[in-house]
Every structure is written in structure tokens, then in C-alpha cells.
Amino acid sequence: MSKVFTESAKVPEGHSKSDENFMKLNSDSEGEGGDLEDDVPEFSWFRVSGFGKPKAKLEESDLAEESKVDDYEADDEEKALIELVFGNKEKVIENLKSQPEKSSSLPENQKRKHAWRDSDDEEVTIEEGLQKSHKKSMLLDPKTEYKKFLEKKHQKMVGTPKWAEIDRDPSDSDEDDELLKTAGHVLKGKKGVLLENSIEFKRLKDLNRSTYCEGLVTSVSFHPTSSVALVSGLNGIASIYSIEKTKCNKLHSILFKKFPLKCSRLSLDGSEAILGSNQAHFFTYNLLTGQKMKHFLPKNITKMTKFEISPDGGLLAVAGRFGEIHLFNANTKEWIITLKQEHEVTGLTFSPDSTTLFAHSVDSEVSIFDLRAQRMQHRFYDDGCLSGTSISMSPSGKFLATGSGQGIVNVYATTDVWQAQNPTPVKIFRNLVTSISCTAFNPSSEILAMCSGETNDALRLAHFPSATIYSNFPGNNLTKGRPNVLSFSPGGRYLAVGVNTRVSLYLLNHFEEF
């Protein structure tokens, strides 16, 4: 070997020193007859691994050790341990022989049809596909379809996903199945279940967009049986609009001269509208006949700016002066009795069975009246409230929501307010920072709406019974106005919000009925 590295040879011009050494090694190997085994260096991996070593040249010690290994027989315990760890080779071979050969192609009736095929993909070759991805490969046929190459690569690396198996059990769940339940960033819940953190909704065109003639909107009432709504405002105009899916059309308008409408409500059967103002009389309008009628109030009642109709349609509660609450027969409009609390009334709401009346005040006191006994039965103090502004009870009768001038909305369990004078709210909402104008539950008692008329877009929706605020409402659908009136449709599908002279209309996708 020393001869290889000492001899010299002429190197043509333009070749490096490494080429010179290569030519020296090549010339030496030709002169020695090309005996590769003798010329391999001592440190070559060929000699270490024994590769190319003839069996005839094995030493006697190696043959003796090999014969000892062949003659060794393991006992029963060792055989059992070997079979437990490495398995039984004979049984594996027998099982493989007994299994029928699987056909690579599926039967015609089990082959899946392509939902969509792009003819352009079949024209792309491997050469073009690798060129676009800035890659090169010398081992692939450049004329082969790039699509088939990607399919084989995906099958080799990933395999067949569980959802794509023909004979998979439909009951098996997979992560892909969970992914298919999502649309955008909102998870679709089961039918009948309202999600807690986000709500699917759509803002429609304004309900009164055809005229905007009502002025500052003070009341919005949905008809109990027809897809129409009554809108009234300070201009003394009350309009009736029809709602057809996403379209709103004006049906009729009624003008009340020198009578700014402060409050309006529809009767239980929807045949009559009751409209009040800050004067000593009020009007009724028959929606069937179109007849308008004027009713005078008793001498001690000077205004009718805030009133409510009981759920059974039998009573009309009117907030008067000095903490007075006047009860009328809603059908005949006759005065029944006057109830009184210590402070001026700011909000009224009936219990679902129409046997109890709740009244909030300019103070923190909430009065509870038994209408059958016609007297005050209990009162409690609204937690953290300095001046009450609104009150509403859920149609289910489980929750009572109160709003205050400090922007706080407290929600009480109805059973708690009867047992203590200082009940603890089950939930306190501090999402609004200005005086609460209105609170309202939807017909299923699953949503509580709250708004403030002192700040632009101060509108929130809360889910119940989880008592969580919907973070995606109203989202980017801002009205740039101050909401002061809220009303849900009888089926809860629509939410109307009075914002200055407009009535914003929202479609809640979860609910199907009007």
C-alpha cells in the first residue's frame, strides 16, 4: 500500500491534485492484477463487518462457536418466554398462508363516486408540478401524472382516514366528524338547544324604513297572532307594519293630533291598540274596523305615560303620581282600584298568572302587590341600586330582572324575592355603564335583552339559565343610535329595538316561529 502513495504520475493540464492521487491509485491497482481483497486498507468497514469474507477462510474457533450455537436447545421455560416475547414463527406463517389474498380493487358496488373532478389536474405532469413547487427529482418519470404521484404519497404517509373507510361503523366518532359540525366559527347546537356563548342572528332592514314618520320611537308591539307590528312615537303617529321573512311593508298609519304617544300596547287578542300620553285621556284603535275612540281618565289621574296589560288580558295597570298604581278593566276601561307604594313608579310587570304585580321605584324599593287581595304583600330592596328604572319578569315566572340608573341589571330568582327584604341576585350584569332604559325576556325565557338610551349602541343579550352575555351581539351591526325600547315577537324569532326614529329589526335564527 505504501507504493500507491509514493509513486508519481503525470497529470494532464487543468486537473487538480485530487485527480493526481486518483490516477496514482488506479495505475497501481492495474499493475497488481486488481486483487481487491489484498488492497483494502486495514481500517475498511469491509474487514470489520466481514463483508465479502469467504467461508473457507473462517478460523477454527469461529466454526467451533457456530457449531455450539447450532447444537444448543432451549428448555420449555425459555421456549415459552421466547414465544411470549417474539411470538411463534410457525403459527404466524400458518396464519398468513390461511388468510385469503385481498384484492387491491374494491367491488363496483362499493367504489365511491367522485363528488367533483377537475380535468385540469389530469393534464399536470410530475415535471410541471415539481417545477411549480421549486423541487426536482431524478428518480421519477417526468411524464407521469402529478395527481397520481400525490395520491400515492398521501397514501404512504397518512393512509386511509377513518371517515373514508367503506365498512366503518357509523357510530364511531372521529375528529373529522367534530370538525364537520362547525360552520365558520360558530358551533351548531342540537335542535331545541340555544348556545350559551354565541347566537346566530341577522340584522334586517329597519322595520319602519318606508316612512320613519313616527318621530322618536317610544313603543313597539308585535301582534300576538299575525306577523305585524305596531310602532308609535312622539309625533303622534302610530303605524302598522307587516313582516314577511326579511321584508317589512307599511300597512296603515293613524295620526293623533297634539297627542305625543308616550306608550302603546296591543290587547291580548290583537284586535285593539291602547295608546297613552301625558294628558288626562287616552285613545283606543280597533284594528279590525279602523275605529278610533277617546277615553277620559278619572279626575285624580292626570297622565298615562307608562302602563302594562296583564298576560290574561283582563287588567290594565297605569303608573300614576306619588307612587300610585291605577288598575282598570282592560276590556271595558273602567277604573277598579288604586294601589300605592312609597316612591314614584318607574316600572311595572305582571306575573305569568296575572295574580301578582311588581313595581319598581325611583328609590331602590320594589313592591309586590297581590291583585286578588288588592293590597301590597311584600317589598324588597334592589341590590346595589340607587334609583330603579325598569323591571320585567320572564314568561316562565322563574326570573325577575331589574334595571337601575347606574347601568346595573340584577336578575333574581322569583322564589328568593318573596323570602327576604334584601335578596341576593343570581346574576349581576355590569356590561352597560349608563342608565338602563328597558329590559325584556323573550317568550321562551332563554334570552334577556337590555339597553340604555344614553349611549350609542348600548344593547346586550344574555343567555339563560347560564346567565352569560353573547359576545357576538350586536357585533359590527351598529346602529349609531341610542336604543330605548325593546320587544320580542310572540315566537321569539324577531327582536325589535327602537333607536331614535328608527326601529332596528334582528332575526334570531335559532327560533323558527314568528
Side-chain angles (χ1 to χ4, degrees), residues 194 196 306 308 310-311 315 317 319 323 325 339 341-373 375-452 458-470 486-488 492:
L194 184 64
E196 299 179 4
K306 191 181 297 294
E308 295 292 339
S310 62
L315 293 176
I325 302 172
L339 305 174
Q341 66 177 15
E342 187 174 351
H343 302 282
E344 187 174 350
V345 178
T346 57
L348 295 169
T349 185
F350 285 90
S351 63
D353 58 1
S354 302
T355 60
T356 308
L357 177 65
F358 297 82
H360 215 329
S361 65
V362 293
D363 194 57
S364 61
E365 187 177 274
V366 178
S367 303
I368 304 176
F369 297 91
D370 185 353
L371 298 180
R372 290 172 295 188
R375 63 181 181 87
M376 182 187 294
Q377 189 172 2
H378 183 66
R379 62 181 178 180
F380 68 92
Y381 294 95
D382 193 5
D383 184 67
C385 172
L386 298 180
S387 59
T389 55
S390 66
I391 187 170
S392 60
M393 174 164 278
S394 63
S396 63
K398 294 182 179 180
F399 302 106
L400 180 69
T402 60
S404 66
Q406 292 69 46
I408 296 176
V409 176
N410 291 327
V411 180
Y412 299 90
T414 308
T415 55
D416 294 341
V417 300
W418 286 93
Q419 298 175 0
Q421 286 192 343
N422 295 284
T424 302
V426 296
K427 180 63 178 179
I428 302 175
F429 294 104
R430 298 185 176 90
N431 302 83
L432 302 177
V433 296
T434 53
S435 178
I436 303 298
S437 301
C438 185
T439 56
F441 283 92
N442 76 323
S444 63
S445 303
E446 295 177 283
I447 298 176
L448 171 64
M450 60 193 84
C451 69
S452 174
L459 173 65
R460 298 291 183 272
L461 293 184
H463 173 269
F464 276 85
S466 65
T468 55
I469 292 289
Y470 285 116
L486 298 170
S487 181
F488 284 96

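Remember, it's a predicted structure, so these values are computed and weren't measured experimentally. Side chains included, hydrogens not; waters and symmetry mates left out as well; all remaining heavy atoms used.
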**Request:** Go through the steps for L315 and L357 under the test side chain to side chain contact (heavy atoms under 4.5 Å, CB included), then give the verdict.
**Result:** CA-CA 11 Å; L315 293 176; L357 177 65; over 6 Å; no
Check: [X] side chain, [Y] main-chain N or O, donor-acceptor pair, under 3.5 Å:
X	Y	answer
H378	V417	yes
S354	S310	no
S445	S394	no

State, with a plain yes or no, whether a side-chain heavy atom of [X] is found less than 4.5 Å away from one of [Y].
X	Y	value
P425	V411	no
W418	T356	yes
K398	P465	no
L448	V409	yes
E342	R379	yes
T402	I391	yes
T424	D383	no
L400	D416	no

**Prompt:** Going by atom types only, do D382 and Y412 share a side-chain donor-acceptor pair under 3.5 Å?
**Reply:**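 Side chains of D382 and Y412: pair found under 3.5 Å.
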**Prompt:** In terms of side-chain heavy atoms, does S361 have a donor or acceptor partner in D363 at a distance below 3.5 Å?
**Reply:**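 Not at all, the side chains of S361 and D363 share no donor-acceptor pair under 3.5 Å.
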Distance-minimising heavy-atom pair for [X] and [Y]:
X	Y	result
E446	N442	N-OD1, 2.9 Å
A317	I325	CB-CG2, 4.4 Å
A462	Y470	C-CE1, 4.2 Å
Q406	L386	OE1-N, 3.2 Å
P352	P311	O-CB, 3.7 Å
K427	A467	CE-O, 3.3 Å

**Request:** Could you tell me how the ring of F399 sits relative to the ring of F464: parallel (under 30°), tilted (30 to 60°) or perpendicular (over 60°)?
**Result:**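 Judged by the thresholds at 30° and 60°, the geometry between F399 and F464 is tilted.
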How long is the straight-line distance from [atom2] of [Y] back to [atom1] of [X], given to the nearest 0.5 Å?
X	Y	atom1	atom2	answer
H360	S387	NE2	OG	8.5 Å
M376	F369	CE	CZ	4.0 Å
N410	R430	CG	CZ	8.0 Å
R460	M450	CZ	CE	9.0 Å
M393	L348	CE	CG	13.0 Å
T355	R372	OG1	CZ	4.5 Å

**Request:** Please say which of S392, C438, S437 ends up in a side chain to side chain contact (heavy atoms under 4.5 Å, CB included) with L486.
**Result:**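 For L486, the side chain to side chain contact (heavy atoms under 4.5 Å, CB included) check succeeds only for C438.
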**side chain to side chain contact (heavy atoms under 4.5 Å, CB included) between I436 and F429, worked out** = CA-CA 11 Å; I436 303 298; F429 294 104; over 6 Å; no
**Message:** Is there a side chain to side chain donor-acceptor pair (under 3.5 Å) between S435 and T389? Walk through the geometry before answering.
**Reply:** CA-CA 8 Å; S435 178; T389 55; 4.5 Å; no
